[in-house]
Visitor: 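Got a structure for you, written out below as structure tokens; questions coming shortly.
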Amino acid sequence: ALHSMIITVDGGDTFVGGDNSLGQLGISPQISTSLSLDVCKLIPSMAMSSCGGGHSVGISDKGSVFAWGSSMDGRLGVGLYFKVGVTDPLDKTTFAPSPVSKKPSRDEKNQLIQAKYDFENTTNPIVARKAKEYIDLCALRLPMAGLQVHHISCGYMHTVCSAGGKRTVFSFGSGVGYRLGHGDCVTTAWPRRLDSLYNQNISADKIHCCNTYTGIVTPNGLVYVWGRGSKGQLGLGGSSQDMSAILPRQMKFQRKKKKK
């Protein structure tokens, strides 16, 4: 990352500085920024934050996730072309912090009910197609909707977080190099649950994303990693093919025995 953020303990003010070419500071790229760190008033009160490649994310003091900057590759988790608030001319970019997987409103719930009814009862193919598109969109948004987020981290083109009482792991953004941990290279613009961890009741207490790989630490201190590790950065050992992981794999630690 070419930018930085600092959150104050008293009040959760966010100081930002560095590159803002894609609105990753929460400020319009058309506004000149000083060389010193300044408080960004558009960013709500934050408990933690993370800087990625041209984007930023943060967890509010109420446990909600906000993202801003470039939405290319879906790294914001709010869709590829989503814009909110005041937007700048840059395509696929929003500098106004956008809520990620917010709890559906009453109107959105009613709209989903209506879409399901239309899809099941209409004879108009256009109405059926639009209803199906909305149902599919809601299905992508719902898995993390309304959950309190505990930890989050940005890679260069992806984001990973843990949410809910079980601290379930979700990821979104570029899937190149298996960095999302789903066993495929599919790019996703909405939070997608890591079923391989969820099905084993594995949760994340801490998360760290790098360029092409991700690692988590579970509440009982186990480490799981996934992504591209051709240089051995995953710590899995073995041949060059074994060094990468398309799904989360537990890192084994071996201590050398001390000579007596």
Visitor: What's the shortest heavy-atom distance between G18 and L25, and which atoms?
Guide: O-CD1, 3.5 Å
Visitor: After noting the C-alpha distance and the side-chain angles of I43 and V16, does the key distance pass the side-chain contact (heavy atoms from CB on, under 4.5 Å) rule?
Guide: CA-CA 10 Å; I43 300 175; V16 297; 4.1 Å; yes
Visitor: N211 versus R179: any side-chain heavy-atom pair under 4.5 Å?
Guide: yes
Visitor: Mind checking whether L236 and V217 sit in one hydrophobic cluster, side chains of I, L, V, M, F, W, Y counted as touching below 4.5 Å?
Guide: yes
Visitor: Indicate the atoms forming the closest heavy-atom contact of I126 with N124, along with that distance.
Guide: N-OD1, 2.9 Å
Visitor: Using only atom types and a distance under 3.5 Å, with no angle test, would you say the side chain of S50 pairs donor to acceptor with the backbone of C154?
Guide: yes
Visitor: Do the numbers put R193 on top of the ring of Y198, so that NZ or CZ is under 6.0 Å from the six-membered ring centre and no more than 45° off the axis?
Guide: yes
Visitor: Any link between F66 and I27 through a network of hydrophobic side chains (Ile, Leu, Val, Met, Phe, Trp, Tyr) touching at under 4.5 Å?
Guide: yes
Visitor: As an exercise, state the distance from CD1 of I216 to CD of Q250, rounded to the nearest 0.5 Å.
Guide: 10.0 Å
Visitor: Verify side-chain hydrogen bond (donor to acceptor under 3.5 Å, both in side chains) between D107 and Q111, making sure each step is shown before the conclusion.
Guide: CA-CA 6 Å; D107 290 340; Q111 189 174 353; over 6 Å; no
Visitor: Let me see the working for T214 and H208 under side-chain hydrogen bond (donor to acceptor under 3.5 Å, both in side chains), right down to the final yes or no.
Guide: CA-CA 6 Å; T214 305; H208 185 71; over 6 Å; no
Visitor: Ignoring hydrogens and geometry, is there a side-chain-to-backbone donor-acceptor pair from D73 to R75 under 3.5 Å?
Guide: no
Visitor: Determine, for D184 against R192, whether the closest basic-nitrogen to carboxylate-oxygen distance falls under 4.0 angstrom.
Guide: yes
Visitor: Using the side-chain contact (heavy atoms from CB on, under 4.5 Å) rule, take M251 and Y224 through it: C-alpha gap first, then chi angles, then the decisive distance, then the call.
Guide: CA-CA 6 Å; M251 184 186 294; Y224 287 82; over 6 Å; no
Visitor: Could you tell me which non-hydrogen atom of C209 sits nearest to which non-hydrogen atom of S153, and how far apart they are?
Guide: N-OG, 2.9 Å
Visitor: Does I59 belong to the same Ile/Leu/Val/Met/Phe/Trp/Tyr cluster as V100, with side-chain heavy atoms less than 4.5 Å apart forming each link?
Guide: yes
Visitor: Do N220 and T218 have a side chain donor and acceptor closer than 3.5 Å?
Guide: yes
Visitor: Write down the atom of C40, the atom of G26, and the distance for their closest heavy-atom approach.
Guide: SG-O, 3.3 Å
Visitor: Ignoring hydrogens, what is the shortest heavy-atom contact between A204 and S162? Give both atom names and the distance.
Guide: O-OG, 3.3 Å
Visitor: Do L180 and I202 sit in one hydrophobic cluster, given that two such residues count as connected whenever their side-chain heavy atoms are within less than 4.5 Å of each other, even indirectly?
Guide: no
Visitor: Do V65 and V78 share a hydrophobic cluster (ILVMFWY, side-chain heavy atoms under 4.5 Å, transitive)?
Guide: yes
Visitor: With distance as the sole criterion, is a donor-acceptor pair present between the side chains of H182 and S171 under 3.5 Å?
Guide: yes
Visitor: Nearest 0.5 Å, please: how far is OG in S49 from CD1 in I6?
Guide: 9.0 Å
Visitor: Does CG belonging to L222 count more than 12 external heavy atoms closer than 6.0 Å?
Guide: yes
Visitor: Counting N and O atoms only, with roles assigned by atom type, does the side chain of S70 sit under 3.5 Å from a partner on the main chain of H55, one being a donor and the other an acceptor?
Guide: no
Visitor: Looking only at non-hydrogen atoms, find the nearest pair between F119 and A128 and report the distance.
Guide: CD1-O, 3.5 Å
Visitor: As an exercise, state the distance from CD1 of I7 to CG of D13, rounded to the nearest 0.5 Å.
Guide: 10.0 Å
Visitor: Would you please test T14 and V39 for side-chain contact (heavy atoms from CB on, under 4.5 Å) and show each step?
Guide: CA-CA 6 Å; T14 303; V39 175; over 6 Å; no
Visitor: Report the distance from atom OG of S203 to atom NE2 of H151, rounding to the nearest 0.5 Å.
Guide: 13.0 Å
Visitor: Please check if the side chain of S244 supplies one atom and the backbone of G229 the other of a donor-acceptor pair under 3.5 Å.
Guide: yes
Visitor: Hydrophobic side-chain clustering at under 4.5 Å (ILVMFWY, transitive links): who's grouped with Y178? Put none if nobody.
Guide: I246, L247
Visitor: Nearest 0.5 Å please: distance from the CZ atom of F172 over to the OG1 atom of T187.
Guide: 13.0 Å
Visitor: About how many Å separate SG of C161 and CE of M144, when rounded to the nearest 0.5 Å?
Guide: 4.0 Å
Visitor: Under a 4.5 Å cut-off applied to non-hydrogen side-chain atoms, are N110 and Q114 in contact?
Guide: no
Visitor: Is a donor on one side and an acceptor on the other found under 3.5 Å between the side chain of S56 and the backbone of Q24?
Guide: yes
Visitor: Could you go step by step and tell me if S21 and D19 meet the side-chain hydrogen bond (donor to acceptor under 3.5 Å, both in side chains) rule?
Guide: CA-CA 6 Å; S21 58; D19 179 35; 3.2 Å; yes
